[in-house]
Number of protein chains: 2
Amino acid sequence: MVKLVALYKKPAETEEFDKHYDTVHIPLVRKYPGLRKLEVTRITGAPIGETKFHVMAEMYFDSKGALDAALTSQEGKAIARDLLSFAAPLVTVFIGEVEA
Amino acid sequence: MVKLVALYKKPAETEEFDKHYDTVHIPLVRKYPGLRKLEVTRITGAPIGETKFHVMAEMYFDSKGALDAALTSQEGKAIARDLLSFAAPLVTVFIGEVEA
């Protein structure tokens with residue numbers, strides 16, 4: 001499996017961010033063609049000290065080809081537009097191959 | 001479920017790093033008491049531009065209590081010592097609550 005990971009730093013306005021994330025962004029993300037699994041992690045802390053991160057979304061696809069197709073689909077473009085509208089300075093996105 | 005996430009930036013010496021990670025660190029990580037699942041992701045790129053990240057390990061536990069117990073166990077202390085010995089400047093560790 002291949003996954004797309006979106007890792008967000010803590011926003012200045014957590015309540016406003018979470019409202020958009022939960023009610024607008026995540027419902028859009030669920031529309032990625034070929035999405036096999038979505039795992040959202042609400043980040044609560046760190047073993048030592050604090051963390052700068054707030055939430056992480058992991059989107060699983062069967063292959064890199066399926067992920068690329070999702071990113072370039074109409075739905076994928078809408079998801080990217082929404083992401084940039086509310087989280088551009090906060091989010092880091094990367095792709096990886098998942099091992100068991 | 002609760003998970004511990006270790007996210008590593010690209011090392012200067014990838015081959016040396018991967019050898020220690022695969023043959024020493026990951027076998028230690030599998031010894032965390034109460035570990036329910038380990039998922040290792042080899043990071044390959046980003047949708048746009050490049051990524052500074054190399055690998056991510058996600059360690060799942062039944063609860064925050066189980067995670068805390070794992071971190072403070074003898075095995076957990078050995079894992080932390082090993083982590084600091086080869087990846088201190090590269091790794092970020094955080095904890096989160098997993099949603100389906």
Side-chain angles (χ1 to χ4, degrees), chain A residues 1-10 18 21-22 26 29-30 32 37-61 63-65 67-73 76-77 79-81 83-84 88 91-100, chain B residues 1-10 18 21-22 26 29-30 32 37-61 63-65 67-73 76-77 79-81 83-84 88 91-100:
Chain A
M1 297 273 275
V2 167
K3 71 181 176 186
L4 178 67
V5 181
L7 178 61
Y8 300 77
K9 291 181 193 164
K10 287 187 199 299
D18 287 345
Y21 189 74
D22 294 344
I26 287 295
V29 166
R30 293 192 189 279
Y32 265 130
K37 187 175 90 167
L38 168 66
E39 185 170 291
V40 174
T41 301
R42 308 288 172 167
I43 300 167
T44 55
I48 298 173
E50 301 202 341
T51 177
K52 64 185 175 186
F53 297 117
H54 181 60
V55 67
M56 178 168 68
E58 296 167 272
M59 293 141 280
Y60 294 73
F61 295 85
S63 65
K64 182 62 164 55
L67 171 53
D68 289 344
L71 289 170
T72 55
S73 69
K77 289 174 187 171
I79 295 163
R81 273 196 303 272
L83 180 68
L84 294 177
V91 72
T92 302
V93 184
F94 53 91
I95 293 166
E97 292 174 8
V98 179
E99 292 178 7
Chain B
M1 297 274 274
V2 167
K3 71 181 175 188
L4 179 66
V5 182
L7 179 60
Y8 301 77
K9 291 182 193 165
K10 287 188 199 299
D18 286 346
Y21 189 73
D22 294 344
I26 287 294
V29 166
R30 293 190 188 280
Y32 265 130
K37 186 175 88 167
L38 168 66
E39 185 170 291
V40 175
T41 300
R42 309 288 173 166
I43 299 168
T44 55
I48 297 174
E50 301 201 342
T51 178
K52 64 185 175 185
F53 298 116
H54 181 60
V55 67
M56 178 168 68
E58 296 168 272
M59 293 140 281
Y60 294 73
F61 295 85
S63 65
K64 181 64 164 55
L67 171 53
D68 289 342
L71 288 171
T72 55
S73 68
K77 288 174 186 170
I79 296 162
R81 272 196 303 273
L83 181 68
L84 294 176
V91 71
T92 302
V93 184
F94 54 90
I95 293 166
E97 292 175 7
V98 178
E99 292 178 5

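Proteins get letters first, then strands, A, B, ... in listed order; numbering begins at 1 in each. Below, all heavy atoms of this structure are taken into account, side chains as well, without hydrogens, waters or symmetry copies. Since we're looking at a predicted model, the values are computed, not measured.
With a 4.5 angstrom heavy-atom cutoff, B:Val5 touches chain A only via side-chain atoms. For chain A, the nearby part of B:Met56 is the side chain; its heavy atoms alone come within less than 4.5 Å. Of the two parts of B:Leu7, only the side chain, counted from C-beta on, holds a non-hydrogen atom closer than 4.5 Å to a non-hydrogen atom of chain A. Looking at A:Lys52, there are no atoms closer than 4.5 Å to chain B (heavy atoms on both sides), in backbone or side chain. Heavy atoms of A:Leu4 lying under 4.5 Å from chain B belong exclusively to its side chain. Contacts of A:Glu50 with chain B are absent, with no heavy-atom separation under 4.5 Å from either backbone or side chain.
By the side-chain contact (heavy atoms from CB on, under 4.5 Å) test, A:Ser73 is found to be paired with A:Pro33, A:Glu75, residues two or more places apart in sequence or in another chain being considered.
Using the six-membered ring where Trp is involved, A:Tyr32 and A:Phe61 have ring planes that are perpendicular, over 60° apart on the 30 and 60° scheme.
When B:Lys3, B:Met1, B:Lys37 are compared by the number of non-hydrogen pairs under 4.5 Å with chain A, B:Lys3 comes out ahead.
No side-chain donor-acceptor contact under 3.5 Å links B:Thr41 to the backbone of A:Gly96. Side-chain atoms of A:Thr44 come within 3.5 Å of backbone N or O of B:Ile95 as a donor-acceptor pair.
The CG atom of A:Leu71 lies 8.5 Å from the CD1 atom of A:Ile79; values are rounded to the nearest 0.5 Å.
By the 4.0 Å N-to-carboxylate-O rule, B:Arg42 lies too far from A:Glu97 to be salt-bridged with it.
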